[in-house]
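Working notes, beginning with the structure itself.
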Amino acid sequence: MVIVYNKYILDRKMYNWPYPISLTMIHMSFCSSLAYLLVRVFKAVDPVTMSWDLYLKSVVPIGLLYALSLWLSNSAYIYLSVSFIQMLKALMPVAVYTLGVLFKKEGFKSETMANMISISIGVGIAAYGEAKFDSWGVILQLGAVAFEATRLVMIQILLTSKGITLNPITSLYYVAPCCLVFLFVPWVFVEFPILRENSSFRFDYVIFGTNSMCAFALNLAVFLLVGKTSALTMNVAGVVKDWLLIAFSWSVIKDTVTAINLFGYALAFLGVAYYNHSKLQALKAKDSQKKAQMADEEAGRLLEEKEAENNGVRKNDAHN
């Protein structure tokens, strides 16, 4: 819904408001305000204990990467179809794994790298078959993927490794304000002069209000679903969403989707599905190992208590 709505607003053939930085700033202002209300006023979500030093060294860099990712990804909607953008997003696991290996957060495996190459080939085929290929749009979307992948790896390095976990609501609470500040700088030089000259523009509260509400609702939905469903369910839902967006883009927006597009994306999709399956199996194995270790520790503790109890009984018997 959010993706299609953003496309509608930014596309020159639809609502014709091609200002991606401004749209992203509206989203960040709205989402950070609601997140503040949920965390500080209604206390529906517990905040994370965080010092200013940690915030500046960990959250601010993540906010910068998030701002760049959103700016470029929203800019791509001006030049590319929704369906083709979803196909390019299939490169996300490739970027995350590659950066994970470079930053030593992932171990290099030949099998995984071969799978990453198959995903890249699939996306390349999809790009070759794109009827309305735009080089600048592709550069923007690939840049967005690169910045988003870097953000995800940095979250592991700067936050998760320190025992800090942010859910979608607390993430907006901490990250959205600094993201808004970072977006303000290019906005002043890139879009503000154009908007100032366009005196006929009037802020459409219905369009931008409902669009911002959809953006926040997406984060809220993820927050509510996490813990209620399994990781497998979330991954399957993501895959179904991608295919539905491609179908919607073709049937409703009337974007051109070629047979080569579908073949390439299907190849990339199989690679992504296999990668997700491998990650889930690894997580299950890790959980099983952890549970077995906890069971062994508990058994050892009980055995020590039993031995201590028996030793106490023996001493009492010897004393009597």
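We count residues from 1, following the sequence as given. Every heavy atom of this structure was used, including side-chain atoms; hydrogens, water molecules and symmetry mates were not. Quick caveat: nothing in here was measured; it's all calculated off a predicted structure.
- Here the closest non-hydrogen pair linking V82 and K7 is CG2-CG, 3.6 Å.
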### Task
Dump the intermediate steps for side-chain contact (heavy atoms from CB on, under 4.5 Å) on M28 and L70, then the final yes or no.
CA-CA 10 Å; M28 291 298 100; L70 291 174; 3.8 Å; yes
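- Judged by distance alone, the side chain of S83 and the main-chain N or O of S249 form no donor-acceptor pair under 3.5 Å.
- Contact check for S75 versus L140: side-chain heavy atoms found under the 4.5 Å cut-off.
- Side-chain contact check for E148 versus L68: every heavy-atom pair is 4.5 Å or farther apart.
- Under the 4.5 Å side-chain heavy-atom criterion for ILVMFWY residues, a single connected hydrophobic cluster contains both V48 and V41.
- Side-chain N/O atoms of K162 and S58 include a donor and acceptor closer than 3.5 Å.
- T170 and N167 share a donor-acceptor pair across their side chains, judged by distance under 3.5 Å alone.
- Considering all non-hydrogen atoms of both residues, G143 and L72 come closest at C-CD1, 3.7 Å.
- Between A90 and Y265, the shortest heavy-atom distance links the atoms CB-CE1, 4.2 Å.
- Between V94 and T98 the shortest side-chain heavy-atom distance falls below 4.5 Å.
- Side-chain contact of Y15 with D204: a donor-acceptor pair under 3.5 Å is present, judged by distance alone.
- In this structure, the side chains of I246 and M87 come closer than 4.5 Å at one or more pairs of heavy atoms.
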### Pair S33-L37, side-chain contact (heavy atoms from CB on, under 4.5 Å): steps then yes or no
CA-CA 6 Å; S33 299; L37 290 174; 5.8 Å; no
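- Side chains of Y5 and T210: a donor-acceptor N/O pair is present below 3.5 angstrom, by distance only.
- Scored by the ring-ring contact (aromatic ring centres under 6.0 Å, His included) test, W250 finds no partners at all (sequence neighbours excluded).
- Taking the six-membered ring wherever Trp is involved, the centroid distance between the rings of W187 and Y19 does not fall below 6.0 Å.
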### Task
Begin from the C-alpha positions of I3 and F248 and carry the test side-chain contact (heavy atoms from CB on, under 4.5 Å) through to its verdict.
CA-CA 11 Å; I3 292 171; F248 184 89; over 6 Å; no
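- With a 4.5 Å cut-off on side-chain heavy atoms, L23 and P20 do not count as touching.
- Looking at I62 and V60, their side chains never come closer than 4.5 Å, going by heavy atoms from C-beta outward.
- In summary, the side chains of Y274 and E111 do present a donor paired with an acceptor at a separation below 3.5 Å, with no hydrogens or angles considered.
- In this structure the side chain of Y66 never reaches within 4.5 angstrom of the side chain of T24, judged on heavy atoms.
- Aromatic rings from F147 and W71 are positioned such that their centres are separated by 6.0 Å or more.
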### Message
Run the side-chain contact (heavy atoms from CB on, under 4.5 Å) test on S32 and Y173 for me, step by step, so that the C-alpha distance in whole Å, both residues' side-chain angles and the decisive distance to 0.1 Å come before the verdict.
### Response
CA-CA 5 Å; S32 59; Y173 175 75; over 6 Å; no
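- F182 and F184 have their aromatic ring centers separated by at least 6.0 angstrom.
- Between the side chains of H27 and N211, at least one donor N or O sits under 3.5 Å from an acceptor N or O.
- A donor-acceptor contact shorter than 3.5 Å links the side chain of S120 to the backbone of M116.
- Between E106 and K279 there is a salt bridge, since a side-chain N of the basic residue sits under 4.0 Å from a carboxylate O of the acidic one.
- Between F133 and F84, the angle of the ring planes lies from 30° to 60°, which puts this pair in the tilted group.
- Proximity of a side-chain donor or acceptor of K104 to a complementary backbone N or O of V101 within less than 3.5 Å is not detected.
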